[in-house]
Student: 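Shown below is the structure under consideration.
Count residues from 1 along the sequence.
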Amino acid sequence: MEVVCLPRLPRVAVCGGTHGNELSGVYLVRELLKVQKETSEKAEEKRKKSVLMVLANPKAVQRCRRYIDTDLNRCFTHAILNCPLPDKPPYEMVRSRDLNALLGPKGSRDAVDLACDLHNTTANMGLCFISYSDCDWICLHIFRHLQRQMPDIPIRYIHFDVSNKESYSLDSVGKHGFAMEIGPQPHGVVRSNIYTAMKLGVQHMLDWVHFFNSGTIFEGGLVEVFTMVKNIDYPRDSETCNITAAIHPQLQDRDFCLLHPEDPMFQTFSGETLRFKGKEPLYPFFINECAYYEKGIALSLARKRCVMIPAIRGQTEQEEQANEQGFASEEEEEE
């Protein structure tokens with residue numbers, strides 16, 4: 001298979017605390033900042049300088065809340081980042097513009113090369129990559145690297161089929177980006193095993209970036225991808241809109257276990273079983289996610305498929321310089 005040469009990744013951002021009560025990312029970013037400050041080895045210093053550690057929503061972290069005024073992880077669409085601010089803008093809307101200036105601007109050549117945003121879920125999902133692309137060879141290769149380096153942890157790749165302008169999360173600001181979502185962990189709590197899995201995941205990601213930038217060739221192959229199909233809300237009372245059922249015990253904690261038509265989905269508070277009425281088997285995830293009650297999501301459903309990724313390597317300095325000259329020539333022609 002032909003090797004695809006891609007631009008190197010000199011600037012990487014690792015973000016935590018986008019949701020202030022998802023504590024693994026909060027404590028990991030704090031720990032990495034501490035290590036970054038204390039390290040005295042020149043080789044490590046040179047490597048670490050290219051990694052930007054960001055505590056994304058400091059006010060929410062301080063209060064151990066998901067957000068202050070509105071969900072920061074929904075504030076990075078093109079429309080929100082570029083619309084006129086109201087007289088009293090929500091804190092997260094202002095913060096998203098600060099982060100866009102720091103890590104972006106989104107969609108520009110000045111944006112960080114790779115953005116990894118750290119999240120926790122209360123759902124039983126293991127370690128997941130969440131990305132807006134199923135053909136971003138960088139993210140897919142990093143994902144496969146983690147699968148190989150962490151064989152004892154279930155690791156999956158979730159694809160949200162959303163355009164760049166409509167992509168709404170912090171990781172979408174980078175040229176490449178993904179959310180690293182790990183659970184189950186209650187909000188406002190840090191569990192050692194979940195924190196350790198996240199720490200290992202970030203270490204392996206940074207190792208991969210170092211290998212890639214050093215010219216290592218990564219072989220191609222097949223990768224399993226879960227493409228989100230739709231969200232399912234809880235059953236609700238038509239007058240009050242209050243939920244009338246909970247996730248069925250046979251579905252609870254069975255994220256990524258195939259859900260067939262007529263399988264139990266909900267159990268009403270009066271004891272009735274409500275079944276899945278879909279036309280095809282699908283894979284559920286974010287089952288009974290605590291933070292999604294306010295969003296009207298009981299679970300999400302996805303199709304699983306295999307994606308072929310090519311062999312890749314980082315471009316040499318000469319190749320990058322040639323590309324830069326090509327971009328400059330194109331811009332001059334456009335002017």
Side-chain angles (χ1 to χ4, degrees), residues 6-7 9-20 22 25 29 51-57 60 66-67 70-83 85 90-121 125 127-143 146 156-182 198 201-202 205 209 225-228 231 285-286 289 291-292 295 297 300 302 307:
L6 299 173
L9 309 169
R11 297 177 62 224
V12 177
V14 177
C15 307
T18 298
H19 294 137
E22 296 178 11
V29 165
V51 181
L52 180 63
M53 306 295 175
V54 180
L55 202 59
N57 195 335
R66 183 173 175 85
Y67 54 78
T70 190
D71 192 338
L72 177 62
N73 216 36
R74 302 296 184 272
C75 288
F76 294 92
T77 64
H78 181 80
I80 291 176
L81 289 173
N82 293 282
C83 70
L85 284 174
Y91 166 71
E92 280 80 9
M93 183 179 286
V94 175
R95 182 61 179 158
S96 69
R97 296 185 182 210
D98 293 340
L99 290 166
N100 187 50
L102 176 67
L103 304 178
K106 179 176 178 175
S108 76
R109 291 174 61 185
D110 294 328
V112 293
D113 299 288
L114 175 64
C116 172
D117 195 23
L118 305 174
H119 289 266
N120 289 125
T121 174
M125 287 171 53
L127 191 159
C128 293
F129 279 40
I130 302 178
S131 174
Y132 296 104
S133 174
D134 61 351
C135 57
D136 186 321
W137 310 139
I138 295 292
C139 294
L140 286 161
H141 269 281
I142 295 173
F143 164 73
L146 263 66
R156 303 176 180 92
Y157 191 100
I158 301 171
H159 166 225
F160 287 174
D161 191 10
V162 177
S163 70
N164 181 259
K165 280 191 173 183
E166 295 300 317
S167 56
Y168 47 77
S169 54
L170 174 56
D171 52 275
S172 70
V173 173
K175 294 186 182 74
H176 307 276
F178 60 89
M180 186 183 292
E181 185 95 41
I182 309 183
M198 180 177 284
V202 170
M205 175 196 71
V209 171
V225 171
F226 292 86
T227 298
M228 204 270 277
N231 297 317
F285 64 99
F286 277 129
E289 161 59 46
Y292 286 178
K295 299 183 187 300
I297 300 173
S300 300
V307 173

Student: Just so I know, are the side chains of Ser167 and Phe160 near enough to count as touching, which here means a heavy-atom distance under 4.5 Å?
Tutor: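 No; the side chains remain at least 4.5 Å from each other.
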Student: Distance-only, no hydrogens or angles: does the Glu22 side chain make a donor-acceptor pair with backbone N or O of His119 under 3.5 Å?
Tutor: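 A pair under 3.5 Å: no.
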Student: Within a strict 4.5 Å, meaning less than it, do heavy atoms of the Val173 and Leu102 side chains meet?
Tutor: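 Contact flag for Val173/Leu102 side chains = no.
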Student: Using every non-hydrogen atom in the two residues, find where Ser300 and Ile297 come nearest and quote the distance to one decimal.
Tutor: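 Looks like OG-CG2, 4.1 Å.
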Student: At what distance, to the nearest 0.5 angstrom, does CD1 of Ile182 lie from CE of Met125?
Tutor: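 These two atoms lie 10.5 Å from each other.
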Student: Salt-bridged, Lys175 to Asp113, with N to O below 4.0 Å?
Tutor: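 Salt bridge: yes.
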Student: Can you find a pair of side-chain heavy atoms, one from Leu103 and one from Cys15, that are under 4.5 Å apart?
Tutor: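 Yes, at least one pair of side-chain atoms sits under 4.5 Å.
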Student: Could you go step by step and tell me if Val112 and Val12 meet the side-chain contact (heavy atoms from CB on, under 4.5 Å) rule?
Tutor: CA-CA 6 Å; Val112 293; Val12 177; over 6 Å; no
Student: What distance separates Ser172 OG from Asp117 CG, expressed to the nearest 0.5 Å?
Tutor: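 If we round to the nearest 0.5 Å, Ser172:OG and Asp117:CG are 9.5 Å apart.
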Student: Would you please test Leu114 and Met205 for side-chain contact (heavy atoms from CB on, under 4.5 Å) and show each step?
Tutor: CA-CA 10 Å; Leu114 175 64; Met205 175 196 71; 4.2 Å; yes
Student: Before giving the answer on side chain to side chain donor-acceptor pair (under 3.5 Å), spell out for His19 and Asn120 the whole-Å C-alpha distance, their side-chain angles and the decisive distance to 0.1 Å.
Tutor: CA-CA 9 Å; His19 294 137; Asn120 289 125; over 6 Å; no
Student: Quick one: pull up SG in Cys83 and NE2 in His78 and give me the separation to the nearest 0.5 Å.
Tutor: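 So the SG of Cys83 and the NE2 of His78 are separated by 10.5 Å.
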Student: Heavy-atom distance under 4.5 Å between the side chains of Pro105 and Asp110, does that happen here?
Tutor: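 Yes, close enough: below the 4.5 Å cut-off.
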Student: Any side-chain donor paired with an acceptor under 3.5 Å for Glu289 and Thr121?
Tutor: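 On atom types as modelled, these side chains qualify, holding a pair under 3.5 Å.
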Student: Verify, without hydrogens or angle tests, whether Asn100 (side chain) and Lys106 (backbone) share a donor-acceptor contact under 3.5 angstrom.
Tutor: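 At least one qualifying donor-acceptor pair exists.
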Student: Can you name the nearest heavy-atom pair linking Leu118 to Cys116, along with the distance?
Tutor: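 Heavy atoms of Leu118 and Cys116 come nearest at CD2-SG, 3.8 Å.
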Student: Quick one: are Ile142 and His176 in side-chain contact, heavy atoms under 4.5 Å?
Tutor: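 No, too far: nothing below the 4.5 Å cut-off.
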Student: Could you tell me whether a side-chain N or O of Tyr132 sits under 3.5 Å from a main-chain N or O of Gly177, the two making a donor and an acceptor?
Tutor: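 No: the side chain of Tyr132 does not pair with the backbone of Gly177.
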Student: Rounded at 0.5 Å granularity, tell me how far CG in Leu81 sits from CZ in Arg97.
Tutor: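 Interatomic distance, Leu81 CG to Arg97 CZ, rounded to 0.5 Å: 7.0 Å.
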Student: Please answer whether the main-chain N or O of Asp71 pairs with a side-chain N or O of Arg66 as donor and acceptor at a distance below 3.5 Å.
Tutor: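 It does not hold such a pair.
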Student: Looking at Asn57, Thr70, Thr18, which one forms a side chain to side chain donor-acceptor pair (under 3.5 Å) with Glu92?
Tutor: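 When side chain to side chain donor-acceptor pair (under 3.5 Å) is applied between Glu92 and each of Asn57, Thr70, Thr18, only Asn57 qualifies.
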Student: Measuring from atom CG of Asp134 to atom OG1 of Thr227, what distance do you get when rounded to the nearest 0.5 angstrom?
Tutor: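 So the CG of Asp134 and the OG1 of Thr227 are separated by 5.5 Å.
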Student: Evaluate the side-chain proximity of Leu72 to Tyr67: yes if any heavy-atom separation is below 4.5 Å, no if none is.
Tutor: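 Contact flag for Tyr67/Leu72 side chains = no.
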Student: Counting heavy atoms not belonging to Lys165, are there more than 12 under 6.0 Å from its NZ?
Tutor: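 Counting other residues, nucleotides and ligands, NZ of Lys165 stays at 12 neighbours or fewer.
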Student: Nearest 0.5 Å please: distance from the CZ atom of Phe178 over to the CZ atom of Phe129.
Tutor: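 Spacing of CZ (Phe178) from CZ (Phe129) equals 4.0 Å.
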Student: Between the side chain of Asp161 and the main-chain N/O of Met228, is any donor-acceptor distance below 3.5 Å?
Tutor: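 No; judged by distance alone, with no hydrogens or angles, the pair does not exist.
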Student: Have Ser169 and Asp171 got a donor and an acceptor in their side chains that come within less than 3.5 Å?
Tutor: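 Yes - a donor-acceptor pair under 3.5 Å links their side chains.
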Student: Heavy atoms, side chains only, cut-off 4.5 Å: are Val14 and Val51 in contact?
Tutor: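 Yes, their side chains come closer than 4.5 Å.
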Student: Does the ring center of Tyr292 lie less than 6.0 Å from the ring center of Phe286?
Tutor: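 Yes, close enough.
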